[in-house]
Amino acid sequence: MNRRLRLWLLAVGGAGVAALLVAACLDLPAFGGRSHPYGERAVRASLARHTANTIASVNFDQRAYDTLGEISILFAAVLGCLVLLREARDERRAPPEPAEVDRPVRRYALIVLPVALLTGLYVVAHGQLSPGGGFQGGVVAATALHLLYLGADYRALERVRPLGMFEVCDALAVSAYVVLGLAGILAGTSFLANTLLPYGTFNTLSSGGTVPLLNAAVGMEVACAVVLLLAGFLDQAVEIEEKEGS
């Protein structure tokens, strides 16, 4: 296939996508109007399943299949980065030397670390009740762990960050999401159908049926993925060096 043919295919495909987007936009409700059919249905379904946070209901109930695709993309992206950032043949691993950390930076980082970690876990646990959820809380929890790198040194971070365990937990979190979906099929409904558990009392931690479980699986996957991703980049910046004479 020559370059001109590829450009023609790209132009035709782009024009088709543009036409579909324009057609979809023309059929949208008027801006500022009172008719929001999708929003009304989403809120109605959220209340019916006792999920106080409508966005969490959309992500982990009404379109939970799409969220499975999103965490799968994140899982594949992190896996690809780790493959690319692994130690190459012309590189060597040098033990990092501890650096001097200013006392105010050390004190602030070590004080904020447990607060940030608890905040991340809180956001994950209350995702079905308030703004936030697994994606946001997972990033906060993973970032909080790296305050130890700022407040102490790289070796201290390595001691609390066993990468093998995080790799296993990352895979288990994605698998748990899929298993919860398959459980719906085994129960006689459909994949990722929110029919396995009682919906509980509205606006409590146990409400929402399977929404809290799927939310927790996503939080675990995102936290582990971010830790592994940052570990790969930190290894390149701190430990991995080119071999002498290469």
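Position 1 is the first residue of the sequence, and the numbers go up from there.
Heavy atoms of other residues, nucleotides or ligands lying less than 6.0 angstrom from OH of Tyr199 number more than 12. More than 12 heavy atoms of other residues, nucleotides or ligands sit less than 6.0 Å from atom CG of Leu213.
Residues Leu234 and His146 form a side-chain contact, since some pair of their non-hydrogen atoms from C-beta on lies under 4.5 Å apart. Within the 4.5 Å cutoff, no side-chain heavy atoms of Val123 are placed close to those of Val140. Looking at Val211 and Arg49, their side chains never come closer than 4.5 Å, going by heavy atoms from C-beta outward. With contacts defined as side-chain heavy-atom distances shorter than 4.5 Å, the pair Val226/Leu229 does not qualify. Contact check for Leu113 versus Leu148: side-chain heavy atoms found under the 4.5 Å cut-off. The shortest distance between side-chain heavy atoms of Leu145 and Leu117 does not fall below 4.5 Å.
The backbone N or O of Tyr38 sits nowhere less than 3.5 Å from a side-chain atom of Arg41 that would complete a donor-acceptor pair. Looking only at distances, no side-chain donor or acceptor of Asp61 sits under 3.5 Å from a matching main-chain atom of Ala56. One N or O on the side chain of Asn53 and one on the backbone of Gly127 form a donor-acceptor pair closer than 3.5 Å. Judged by distance alone, with hydrogens and angles left aside, the side-chain atoms of His50 form no donor-acceptor pair with the main-chain N or O of Ser207 at under 3.5 Å. A donor-acceptor contact shorter than 3.5 Å links the side chain of Ser46 to the backbone of Thr51.
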Working note: Leu205 + Gln128, criterion side-chain contact (heavy atoms from CB on, under 4.5 Å); need CA distance, chi angles, decisive distance, verdict.
CA-CA 8 Å; Leu205 284 178; Gln128 74 275 15; 4.3 Å; yes
Show your working on side chain to side chain donor-acceptor pair (under 3.5 Å) between Asn2 and Arg6 and close with a plain yes or no.
CA-CA 6 Å; Asn2 56 38; Arg6 289 199 300 269; over 6 Å; no
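Looking at every heavy atom in both residues, Cys224 comes nearest to Phe166 through CB-O, 3.6 Å.
Aromatic ring pairs are classed by plane angle as parallel below 30°, tilted from 30° to 60° and perpendicular above 60°; the pair Phe135 and Phe60 is parallel.
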